[in-house]
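Remarks on the structure that follows.
If you're wondering where the values come from, they're calculated on a predicted model, not measured in any experiment. So you know, we letter chains A, B, ... as the sequences are listed, proteins then strands, and number each from 1.
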There are 2 protein chains.
Amino acid sequence: MSAPAKTSERAICEAVRNLLETGGEASLSMRAVAQAVGIRAPSLYKRFKSREDLLCAAARDALQELAELLRHPPNDAQTYENLERMAHLYRKFAKKNPRTYALIFSSETMAAREDLLAARQAAAEPLFVLLAHAVGKDTALPAARLLVSYLHGFLSMELAKTFRFGGNIQDAFHFGLTKVLDSLLVSKKLE
Amino acid sequence: MSAPAKTSERAICEAVRNLLETGGEASLSMRAVAQAVGIRAPSLYKRFKSREDLLCAAARDALQELAELLRHPPNDAQTYENLERMAHLYRKFAKKNPRTYALIFSSETMAAREDLLAARQAAAEPLFVLLAHAVGKDTALPAARLLVSYLHGFLSMELAKTFRFGGNIQDAFHFGLTKVLDSLLVSKKLE
DNA sequence: ACCTGAACACCGTTCAAGT
DNA sequence: ACCTGAACACCGTTCAAGT
């Protein structure tokens with residue numbers, strides 16, 4: 001006879017993300033996660049083959065949420081404004097889920113995990129499409145790498161509290177974003 | 001009678017960095033570090049009050065090395081060329097010490113550690129000085145934040161193997177760097 | 001002062017046993 | 001099929017004892 005499932009993969013991912021944001025990685029023991037969803041640690045291994053697998057599932061969950069967020073820009077606006085808007089949505093997501101955001105990019109856990117690389121790629125897709133349309137296929141790739149590098153770098157440093165000389169951080173973000181977009185879309189913007 | 005010191009803080013930091021680069025964070029147990037310098041784990045606590053302290057010391061060590069590397073640009077060159085050169089030195093350091101580089105910026109361990117924030121600031125200082133000279137005091141801060149965000153973001157993604165669509169990565173780095181520097185120094189460059 | 005072995009509470013993971 | 005308690009090897013850390 002089947003023991004009824006007390007939880008679900010979905011609920012576990014949610015619990016992981018909540019625990020992570022509340023208490024940091026240190027609070028993410030298998031026992032703590034299990035308790036949060038009302039089971040015991042060994043049961044988690046029926047659904048995830050290791051702790052790393054569990055964290056990756058939570059990261060994938062967050063990446064899907066991010067992809068969703070970026071998927072539907074209002075397409076009546078200019079390319080430039082759409083890119084600007086997506087950048088601010090990206091920042092908003094990172095600031096709302098700082099530790100999950102760090103998890104997504106924690107190289108040690110995540111590099112070389114095919115599913116996660118694909119999920120990151122999917123999240124970056126709408127941005128890539130906009131850029132391809134704006135700068136042409138030839139430069140779309142390096143252009144995307146510039147924009148994504150700036151976004152990730154800024155957020156990474158902002159969340160790690162590396163910006164310590166005051167000044168308005170929001171303004172600094174917008175300043176850099178404008179420089180990056182301008183440098184990529186100069187000709188486009190003048191049309 | 002004093003038991004003679006079998007090792008030094010210096011040697012321990014070196015061992016930590018070697019172990020880290022060789023085997024990743026997983027191989028960085030207190031027992032493994034101790035063994036690498038010929039002592040037992042409890043002795044490490046005479047010098048560092050916790051594992052986190054030990055990792056921070058290694059990170060500080062690496063940051064000092066980076067600061068040294070960036071400290072002496074040939075000042076007969078143009079500001080633009082100096083910035084370009086520093087950016088490539090920064091990338092070279094990160095690629096040579098990928099896991100140590102990740103450690104330096106691992107937010108969870110490192111945020112809010114005053115000594116590390118100061119060390120990061122010291123490493124960024126020469127870059128900041130060059131920019132202040134180039135764009136003026138008013139915009140030096142956001143300009144530095146843009147450049148540093150780009151550098152860190154690009155390296156962070158490159159080391160995490162996030163760039164998966166081929167294309168020459170070195171070229172992409174230079175492409176983005178040129179866009180960033182141009183957008184900041186347009187007027188300067190025309191002089 | 002610095003080093004050590006023994007011990008503590010904790011962790012990820014396995015496994016045989018229950019329903 | 002899913003859940004469980006007991007057990008394993010490991011970990012960071014403490015401490016009393018050695019020199």
Is B:Glu158 salt-bridged to B:Lys95, cutoff N-O under 4.0 Å?
yes
By nearest-nucleotide position on DNA chain C, the 5'-leaning member of A:Ala26 and B:Leu44 is B:Leu44
Which nucleotide, if any, forms a Watson-Crick or G-U wobble pair with C:dC3, using both distances under 3.5 Å?
none
Measuring from the side chain of B:Ala3 (C-beta onward, heavy atoms only), which nucleotide among C:dC3, C:dT13, C:dT14 has the closest atom?
C:dC3
Any side-chain N or O of A:Lys6 under 4.0 Å from OP1/OP2 of D:dT4?
yes
Taken to the nearest whole Å, CD/B:Glu9 to C1'/C:dA1 is 15 Å
Please report the distance, rounded to the nearest Å, between CZ in A:Arg47 and C1' in D:dC2.
8 Å
pair_partner(D:dA17), Watson-Crick or wobble, both distances < 3.5 Å, evaluates to none
Between A:Glu21 and A:Lys96 (salt bridge meaning N to carboxylate O under 4.0 Å), is one present in this structure?
no
Grab the CD-P distance between B:Glu52 and D:dG12 for me, whole Å please.
13 Å
Separation of atom CZ in B:Arg51 from atom P in D:dC10, rounded to whole Å
17 Å
CE of B:Met30 versus C1' of D:dT14: gap in Å, rounded?
12 Å
Using atom OH of B:Tyr45 as one end and atom C1' of C:dT4 as the other, report the distance to the nearest whole Å.
15 Å
Round to the nearest Å and state the distance from A:Gln35 atom CD to C:dC10 atom C1'.
15 Å
Examine the base of C:dG12 for any acceptor or donor lying under 3.5 Å from a partner atom in the side chain of A:Arg31, and report the outcome as yes or no.
yes
Which is true for A:Leu28 with a 4.0 Å heavy-atom rule: it touches a base, it touches only sugar-phosphate, or it touches nothing?
sugar-phosphate
Atom-to-atom span, CD1 of B:Ile39 to C1' of D:dT13 - whole angstrom
14 Å
Identify whether any heavy atom of B:Ser29 sits under 4.0 Å from a base atom; if not, whether one sits that close to sugar-phosphate; answer base, sugar-phosphate or nothing.
sugar-phosphate
Do the side-chain N or O atoms of A:Ser43 get closer than 4.0 angstrom to the phosphate oxygens (OP1, OP2) of D:dT4?
yes
Student check: side-chain heavy atoms of A:Tyr150 and B:Val180 closer than 4.5 Å
no
Which sits closer to the 5' end of DNA chain D, B:Ser50 or B:Lys46, going by the nucleotide each is nearest to?
B:Ser50
Does B:Arg40 have a side-chain nitrogen or oxygen under 4.0 Å from the phosphate oxygens OP1 or OP2 of C:dG5?
yes
Any non-hydrogen side-chain atom of A:Asp53 less than 4.5 Å from a side-chain atom of A:Arg113?
yes
Pairing nucleotide - D:dC8, Watson-Crick or G-U, each distance under 3.5 Å:
C:dG12
Assess the side chains of A:Gln170 and A:Arg91: does a donor N or O sit below 3.5 Å from an acceptor N or O?
yes
